[in-house]
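Report on one structure; see the data block that follows.
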Amino acid sequence: MGLRASLFKMLNRGSAEADPDEVIEIANVPLPSGPMTVASLCREGFDAVGVEAFSVTSKTLNRYSIMVPRRQAADATAKLDEFR
């Protein structure tokens, strides 16, 4: 195996098929409204979770990342638009 082939093998990310159960971020909302938004999504039947997001610029926790499984992302994003 040559250097190029071993480098490509090392950098290979696996299959291009996306995992439907992978948790992805669908929104980044202000910190005070984050837990309420996640609770509203969960009440609607989504498997939503939230994480406080750190701002490198201001060095504070001022955003809230909302995440759902990939298979629910489109519907959850549409529901978020209804909440606004």
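- Every residue meeting the side-chain hydrogen bond (donor to acceptor under 3.5 Å, both in side chains) condition with Glu22, not counting sequence neighbours, appears here in chain and number order: Arg70.
- With sequence neighbours excluded, no residue forms a side-chain hydrogen bond (donor to acceptor under 3.5 Å, both in side chains) with Asp81.
- A search for salt bridge (charged side-chain N to carboxylate O under 4.0 Å, His left out) contacts involving Asp19 returns nothing, not counting sequence neighbours.
- With sequence neighbours left out, the salt bridge (charged side-chain N to carboxylate O under 4.0 Å, His left out) criterion links Glu52 to no other residue.
- For Val23, the side chain to side chain contact (heavy atoms under 4.5 Å, CB included) criterion is met by Val49, Met67, not counting sequence neighbours.
- Legend: salt bridge (charged side-chain N to carboxylate O under 4.0 Å, His left out) pairs involving residues 24-33, not counting sequence neighbours: none detected.
- Here the closest non-hydrogen pair linking Ala48 and Leu41 is CB-CB, 3.8 Å.
- The side-chain hydrogen bond (donor to acceptor under 3.5 Å, both in side chains) check on Arg43 picks up Ser40, with sequence neighbours excluded.
- A heavy-atom distance below 4.5 Å is found between the side chains of Arg71 and Asp47.
- When each of Val38, Asp75, Leu80, Ile66 is checked for a side chain to side chain contact (heavy atoms under 4.5 Å, CB included) with Phe46, only Asp75 meets the rule.
- The structure places CG of Asn62 at 9.0 Å from CZ of Phe54, a figure rounded to the nearest 0.5 Å.
- Here Ile24 contributes atom CD1 and Thr77 contributes atom OG1; the two are 7.5 Å apart, rounded to the nearest 0.5 Å.
- Not counting sequence neighbours, the partners of Arg63 by the side chain to side chain contact (heavy atoms under 4.5 Å, CB included) test are Asn28, Pro30, Ala53.
- Side-chain contact between Ser33 and Tyr64: absent, with no pair of heavy atoms (C-beta onward) separated by less than 4.5 Å.
- The minimum heavy-atom distance between Val68 and Ala73, with the atom names listed, is CG2-CA, 3.7 Å.
- Here the closest non-hydrogen pair linking Pro32 and Pro35 is O-CD, 4.1 Å.
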